[in-house]
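Below is one structure; the comments refer to it alone.
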Number of protein chains: 2
Amino acid sequence: MYIHQLKHNIPNSSFYLMKEKLKEHIEKLIPLTDDEFLFVLSHFSFEKYKKNDFLIQQGESVKHCYFVVSGLLKLVYDDKDGKQHIVSFAMEDWWESDFSAYFTQTKAKMSLQCIENTSVFSLSLKNYEKLSTELPKIERFFLKKSNAGHIASQNRIISFLTSNAKERYEQLLKQYPLLFQRVPKTLIASYLGVSRETLSRLSF
Amino acid sequence: MYIHQLKHNIPNSSFYLMKEKLKEHIEKLIPLTDDEFLFVLSHFSFEKYKKNDFLIQQGESVKHCYFVVSGLLKLVYDDKDGKQHIVSFAMEDWWESDFSAYFTQTKAKMSLQCIENTSVFSLSLKNYEKLSTELPKIERFFLKKSNAGHIASQNRIISFLTSNAKERYEQLLKQYPLLFQRVPKTLIASYLGVSRETLSRLSF
DNA sequence: TTATAATCGTGATGTATGTCACACGACAAT
DNA sequence: ATTGTCGTGTGACATACATCACGATTATAA
């Protein structure tokens, strides 16, 4: 009985921590009063997914963008030959979606799938717009996030332009040392744009 | 004498057209009253550059971002071996800068240089912030632009992940058919991430 | 004009990386 | 225990691409 209660309490207390995570994340860029944050939070829904679950499926419509509270996801593009290409890993504290499909309300060009069990706050486009309109502050937050995303993508392009497979691997290793204990090398290879065999042969 | 007057009038009438270009560009995304637009415009300065001029030099601080009214620029990353890599072409109607350096007030990692004679509206960070604060509408405009830029960069990454040199060339050709009459193939090659010799050998 | 850059193509050759095949251990499901 | 799937390494070979070298043409500047 006591154990039962505990079991029931865990999700609640963990939800409290989740909220704090989102709040702290936003407040790194813009200050919010408690009321403002509760207003913000009311536009999100908290969701849990298991390893291999899809949050977005290529070809389907994209209703939400996601803030990753815990876990790990991959944003994947499947080409015509059925090969998988990892456009991005989405880790804790990241915002992810197929933003093109999300904002223009078109079909997803990419999938978003769990590499680990993952919990997220999800935000519908309608709520995104409502939030932006009613709390202009948050629009500044999204703008900063978008800029950061743009810059990150540009750096990845520069990496492709200037570096070979080994150098790109080293850059990734330096940028996200934690990643390598969490994901199989096949996925790392797919992110780097090389075959898993080539990656395996790179000597360090 | 009459010719003299004409000469003096050209810049003025052309400046009028420039303003219209900016106005129409913004109004594709958000409506503006005439007064609002004049307020917006007052934060910009209009500048003309000649072929090969630098708007941003790698290693220097970045004071402005630019809206390209006419002409053509390249955003270039020079690697340690002195090789040039084109991160982006900036054509008419594009916003460009080393945004990372611009927003974080650090030294430029890239250069922005004219491929053709170019005229721009330039916006200082201070004015960017003033404008965003005093006219929240414009913040939504910048957000939409930033999202679009992010998505464009992500598509370029997908192109690197999924396609070989020839396919990337064809994609670029399809996306910007006009570009190929305006810039030497060496620059196209540099944008695609292949040597100019390889590009030259691709058969079409 | 003449001289000096750019630009572009193309051969010869080297190298990075892809592809196919196979083996082996870790782990999961039954 | 048994079977299967997944992750990983590695050999053999094919291929895409880089690099170096040379000419030829076309702009550009003195």
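As the structure is a prediction and not an experimental result, all values here were calculated from the model. Chain identifiers are assigned alphabetically (A, B, ...) following the order of the sequence lines, protein sequences preceding nucleic acid strands; residue numbering begins at 1 within each chain.
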Item to check | Touch class at under 4.0 angstrom, heavy-atom based, for A:Lys166 against every strand present | outcome: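 The residue A:Lys166 makes no contact with any strand.
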
Checklist entry - In residues 168-176 of chain B, which ones come under 4.0 Å of DNA chain C, going by heavy atoms? => result none

Checklist entry - Where along residues 178-190 of chain B does a heavy atom fall under 4.0 Å from DNA chain C? => result B:Pro184, B:Lys185, B:Thr186

Item to check | salt bridge (charged side-chain N to carboxylate O under 4.0 Å, His left out) contacts in which one or both residues fall within residues 137-152 of chain A, not counting sequence neighbours | outcome: A:Glu36-A:Lys137, A:Glu139-B:Arg140, A:Arg140-B:Glu139

Item to check | Candidates B:Phe99, B:Tyr128, B:Phe103 - the one meeting ring-ring contact (aromatic ring centres under 6.0 Å, His included) with B:Phe142 | outcome: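 Of the listed options, the one satisfying the test is B:Tyr128.
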
Contacts of [X] that satisfy salt bridge (Lys or Arg N to Asp or Glu O under 4.0 Å) - sequence neighbours left out:
| X | answer |
| --- | --- |
| B:Arg168 | none |
| B:Asp78 | none |
| B:Lys80 | none |
| A:Arg201 | none |

Item to check | B:Lys63: partners by side-chain hydrogen bond (donor to acceptor under 3.5 Å, both in side chains), with sequence neighbours left out | outcome: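 By the side-chain hydrogen bond (donor to acceptor under 3.5 Å, both in side chains) rule, B:Lys63 matches B:Ser61.
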
Next on the checklist: Taking side-chain hydrogen bond (donor to acceptor under 3.5 Å, both in side chains) as the definition, give me every residue that meets it alongside A:Trp94, ordered by chain and number, with sequence neighbours left out.
Outcome noted: none

Item to check | the helix from C:dA6-D:dT25 to C:dT30-D:dA1: angle between end helix axes, five pairs per end, rounded to 10 degrees | outcome: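 Comparing the first five pairs with the last five, the axes sit 40° apart.
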
Checklist entry - What's the CG-P distance between B:Leu192 and D:dC17, to the nearest Å? => result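 Nearest whole value for this atom pair: 11 Å.
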
Checklist entry - Can you check the B:Glu197 CD to C:dT13 C1' distance for me, whole Å? => result 13 Å

Checklist outcome for this item: Per-nucleotide protein contact along nucleotides 22-30 of chain C, 5' to 3', at a 4.0 Å heavy-atom cut-off (B base, S sugar-phosphate only, - neither), is ---------

Show me the donor-acceptor pairs, under 3.5 Å and distance only, between side chains in residues 158-166 of chain B and residues at least two apart or in other chains.
from, atom 1, to, atom 2, distance (Å)
B:Ser159, OG, B:Gln171, OE1, 2.7
B:Thr162, OG1, B:Ile158, O, 2.9
B:Ser163, OG, B:Gln171, NE2, 3.0
B:Asn164, OD1, B:Lys166, N, 3.2
B:Asn164, OD1, B:Glu167, N, 2.9
B:Lys166, NZ, B:Ser203, O, 3.2

